[in-house]
Amino acid sequence: MLSFLSPDIVLVLLLLGIFAGTMAGLLGVGGGLIIVPALVFMFEHWGFSASYLTQMAVATSLGTIIFTSISSVYSHHRHGLVDWKLVLHLGVGISLGAVAGAFIASQLVGNVLRLMFGVFALMVAVQMFFSLKPKARISLPGALGQGISGVFIAAISSIFGIGGGSLTVPLLTFFGLEMKQSVAVSAACGFPIALFAVLGFLWTGQGLEDLPRGSVGYLYLPALLIISVGSVLAAPFGARLAYRLPAEKLMRIFSLFLSIVGLRLIVSS
């Protein structure tokens, strides 16, 4: 069991945050798709209990999203792209769905949750590689429909430790919103998804035995804070690179990387 953080471990966590932040800024890929599998493998190597290490990886990833989403939301808000009324309606459902998702994740066997994340990662990789994007089919539903959509998005996001962009953007595009506005609303929704999911994991993780030092419920605070620092610092750099590098080709390369990670998680489960 890991009892302290050595300088090399701090460096690895910082580099993980930098990589996740850069990819988020460059490709718009949520950091959770990178952070969760990385932490699963790290926690396993450090000797954390197999019965809850996947839940810890998911909860810790969501904790980092609380910090990293703030700057993204502010940037979209400055450009006037955030429909705050829509965010509010989605947020009502998000608050319920995120807590429910955290409860569901806490009840799953660790290997089952790992298998589910691996399958989810493969699905996202296929979507990214082939650039599958839904076309507008129906108009945006009313407040009740938006709230139900928020429940769906937040529940799945909190189970997999992501900010919800891979779900929110396609859904809002399906409802007829322009891509830029869908991305902006998705970014704004990432904060409440992460916040309420973390509260859920704090609640469900109380009373666990044999937790590593520095844990609060399912959250491993040292990793959360170090990764957040790296991610927040690197995200603007990734955003600047997006204007200089071939994002479409990089997206396909990252999708192949994500496929390997997904398969690794499935096999190891």
Side-chain angles (χ1 to χ4, degrees), residues 1-21 23 30-68 101-122 157-163 194 197-231 234 257-269:
M1 180 66 70
L2 186 73
S3 59
F4 63 93
L5 292 176
S6 59
D8 57 329
I9 291 176
V10 172
L11 179 60
V12 168
L13 291 171
L14 186 61
L15 290 175
L16 172 60
I18 291 173
F19 178 62
M23 290 297 101
L33 289 171
I34 298 170
I35 294 171
V36 172
L39 288 181
V40 166
F41 298 137
M42 287 182 188
F43 290 168
E44 190 173 46
H45 179 69
W46 295 343
F48 291 8
S49 172
S51 62
Y52 56 68
L53 69 83
T54 306
Q55 284 85 347
M56 288 188 66
V58 168
T60 302
S61 171
L62 287 162
T64 67
I65 293 171
I66 291 177
F67 295 99
T68 56
F103 177 78
I104 294 171
S106 68
Q107 299 303 307
L108 293 173
V109 177
N111 283 347
V112 172
L113 183 56
R114 183 185 301 202
L115 173 63
M116 290 172 60
F117 188 94
V119 173
F120 179 74
L122 286 179
S157 299
S158 59
I159 290 173
F160 295 125
I162 61 176
V198 164
L199 292 175
F201 277 110
L202 287 174
W203 172 50
T204 58
Q206 293 302 308
L208 290 176
E209 298 181 357
D210 197 30
L211 284 171
R213 188 171 66 184
S215 298
V216 179
Y218 285 111
L219 271 74
Y220 187 51
L221 296 182
L224 188 161
L225 296 174
I226 296 170
I227 292 172
S228 296
V229 169
S231 184
F257 163 77
L258 191 59
S259 298
I260 295 172
V261 171
L263 288 172
R264 174 72 174 80
L265 288 170
I266 292 171
V267 171
S268 66
S269 64

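The first residue of the sequence shown is numbered 1, and numbering continues consecutively from there.
Within 6.0 Å of CD in Gln206 there are more than 12 heavy atoms belonging to other residues, nucleotides or ligands. Atom CZ of Phe103 has 12 or fewer neighbouring heavy atoms from other residues, nucleotides or ligands inside a 6.0 Å radius.
The two residues Val198 and Leu219 come nearest to each other via the heavy atoms CG1-CD2, 3.7 Å. Here the closest non-hydrogen pair linking Phe43 and Leu53 is CD1-O, 3.6 Å. Ser157 and Gly163 get closest at one heavy-atom pair: OG-C, 4.3 Å. Taking all atoms of both residues into account, the shortest heavy-atom contact from Leu224 to Thr64 is O-CG2, 3.7 Å. Of all non-hydrogen atoms in Gly110 and Thr54, the two that sit nearest each other are O-OG1, 3.5 Å. Contact between Pro37 and Val261 at its shortest, heavy atoms only, is CB-CG1, 3.3 Å.
Between the side chain of Ser61 and the backbone N or O of Gly161, at least one donor-acceptor pair lies under 3.5 Å.
The OG atom of Ser268 lies 7.5 Å from the CG atom of Asn111; values are rounded to the nearest 0.5 Å. We find the CG-CG distance between Leu122 and Leu258 to be 7.5 Å, quoted to the nearest 0.5 Å. In this structure, Ser231 OG and Ile18 CD1 are separated by 9.5 Å, a value rounded to the nearest 0.5 Å. Atom CD1 of Ile162 sits about 7.5 Å away from atom CD1 of Ile65, to the nearest 0.5 Å. A distance of 5.0 Å separates CG in Leu16 from CE in Met42, rounded to the nearest 0.5 Å. Atom CD1 of Ile34 is separated from atom CG of Leu39 by 11.5 Å, given to the nearest 0.5 angstrom.
Applying the salt bridge (Lys or Arg N to Asp or Glu O under 4.0 Å) test to pairs two or more places apart or on separate chains, those with a residue in residues 39-58 are Glu44-Arg114.
With a 4.5 Å cut-off on side-chain heavy atoms, Leu211 and Tyr52 count as touching. Residues Trp46 and Pro212 form no side-chain contact, since every pair of their non-hydrogen atoms from C-beta on lies 4.5 Å or further apart. In this structure the side chain of Phe48 never reaches within 4.5 angstrom of the side chain of Asp210, judged on heavy atoms.
Only one option out of Ile159, Val36, Leu33 pairs with Phe120 in a side-chain contact (heavy atoms from CB on, under 4.5 Å); it is Leu33.
In this pair, Phe117 and Phe160 present their aromatic rings perpendicular. The plane angle is above 60°, beyond the 30 to 60° band.
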Evaluate side-chain contact (heavy atoms from CB on, under 4.5 Å) for Ile35 paired with Thr60, printing each intermediate quantity in order.
-> CA-CA 9 Å; Ile35 294 171; Thr60 302; 5.8 Å; no

So Gln55 and Thr204, side-chain contact (heavy atoms from CB on, under 4.5 Å) or not? Walk me through it.
-> CA-CA 10 Å; Gln55 284 85 347; Thr204 58; over 6 Å; no

